[in-house]
Amino acid sequence: MKKINIILSELKNHSPFTLFGAFTGIICMLAFKNLQEQTSERIFYIFHPAHVLLSAIVTTSMFKLHASKKRLIAIFLVGFFGSIGISTLSDSIIPYVGELLLGMKVHIHEHSGFAEHAHIGFIEAWYLVLPAAIIGIVIAYIKPKTKVPHAGHVLLSTWASSFHIIMAMGGHLSLWEAIVSFGFLFVAVLLPCCFSDIVFPLLFVKPAPSAGSGQALSEVEGSEGNPSHAHHH
């Protein structure tokens, strides 16, 4: 029950900045709406691997700091699947669903499948995304950090999602599309990022004896209590 309270308070703490992040995403989309699709794709593949790297550092660190058994394979798997799975959901799948609902021009290449249409990074650009996750895990294993700049994580994720939508816009953004995109950007950033950094690692943490467990959770709570400080997202 205490874990649920921590998660809910985190979502509440992160909402204002995520709204700001989504707002910068809409400005980004208006400013760059006439970019060629290939250019948008290149920019997306700068922000997306950077998001994976940051997510891997935080997810791995959370697990390593709070897990009772620190087996290397477990740390690697949680960090790897946590960062890639959540970043893909946040940067590619949620924006793609928004694009389909809005009837945007989702660019279809001949002989291309879902991975290319939705720009699933770990398939379409695995040579960028997979090393980013592994580097993040290695950094976290050597020196675990859960306090990464909150702003950095939100904005990287927002801008990756924004350029994903820009690729599908075809140079046109109506007011309705901007409003719906804003909602999708907010969800795409808030839920997966909080899930990645807080919920996902804690799911795999077996409670230590009651005193230790309470202490671990209060540490998490304490480190996250003030959203104005730079801390993990």
Side-chain angles (χ1 to χ4, degrees), residues 3-4 6-7 10-11 14 44-94 114-115 118-150 152-157 160-161 164 188-209 212-213 215-224 230-233:
K3 282 186 187 179
I4 293 169
I6 290 172
I7 292 157
E10 271 299 296
L11 288 173
H14 287 186
F44 173 76
Y45 279 120
I46 294 169
F47 288 130
H48 179 57
H51 180 207
V52 170
L53 174 76
L54 200 57
S55 186
I57 291 172
V58 179
T59 307
T60 309
S61 298
M62 275 288 282
F63 182 73
K64 188 167 188 282
L65 292 171
H66 295 288
S68 45
K69 290 182 182 166
K70 298 176 169 50
R71 290 173 60 193
L72 179 59
I73 187 73
I75 292 169
F76 179 83
L77 290 174
V78 168
F80 188 78
F81 289 106
S83 60
I84 288 182
I86 306 297
S87 300
T88 300
L89 181 67
S90 174
D91 299 349
S92 301
I93 293 174
I94 294 176
F114 171 73
H119 298 288
I120 305 298
F122 69 90
I123 298 173
E124 193 179 48
W126 57 269
Y127 47 87
L128 293 173
V129 174
L130 301 188
I134 292 165
I135 291 166
I137 293 164
V138 170
I139 291 169
Y141 189 76
I142 296 165
K143 195 169 173 25
K145 297 180 197 305
T146 57
K147 292 185 183 244
V148 298
H150 182 43
H153 204 164
V154 172
L155 295 177
L156 276 176
S157 181
S161 305
H164 193 288
V189 175
L190 182 72
L191 292 179
C193 285
C194 283
F195 189 84
S196 162
D197 294 356
I198 303 145
V199 190
F200 186 80
L202 289 178
L203 288 178
F204 294 93
V205 174
K206 286 184 181 154
S213 169
Q215 185 188 358
L217 281 168
S218 63
E219 278 171 22
V220 178
E221 204 167 32
S223 71
E224 289 154 5
H231 70 286
H232 72 257
H233 181 54

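No donor-acceptor pair closer than 3.5 Å links the side chain of Thr59 to the backbone N or O of Ala56. At least one donor-acceptor pair closer than 3.5 Å links the side chain of Ser161 to the backbone N or O of Ser90. No donor-acceptor distance shorter than 3.5 angstrom exists from the side chain of Thr88 to the backbone of Ile120, with no hydrogens or angles considered.
We find the CZ-CG distance between Phe47 and Asp91 to be 11.0 Å, quoted to the nearest 0.5 Å. Distance check, rounded to the nearest 0.5 Å: CG of Leu72 to CG of Leu77 gives 9.5 Å. Atom OG in Ser83 sits 5.5 Å away from atom CD1 in Ile137 (nearest 0.5 Å). From Ile142, atom CD1 reaches atom OG1 of Thr60 across 11.5 Å, with rounding to the nearest 0.5 Å. Between the OH atom of Tyr45 and the NE2 atom of His119 there is a distance of 6.5 Å, given to the nearest 0.5 Å.
Pairing each heavy atom of Leu53 with each of Ala132, the nearest pair is CD1-O, 3.3 Å. Here the shortest heavy-atom pairing between Ala188 and Ser157 reads O-OG, 4.3 Å. Considering all non-hydrogen atoms of both residues, Ala133 and Phe80 come closest at CB-CD1, 4.1 Å.
Taking 4.5 Å as the limit, every side-chain heavy atom of Leu130 sits out of range of all side-chain heavy atoms of Val52. Residues Ile94 and Leu89 have side chains in contact (heavy-atom distance under 4.5 Å, counting atoms from C-beta outward).
Between His51 and His48, the angle of the ring planes goes over 60°, which puts this pair in the perpendicular group of the 30/60° scheme.
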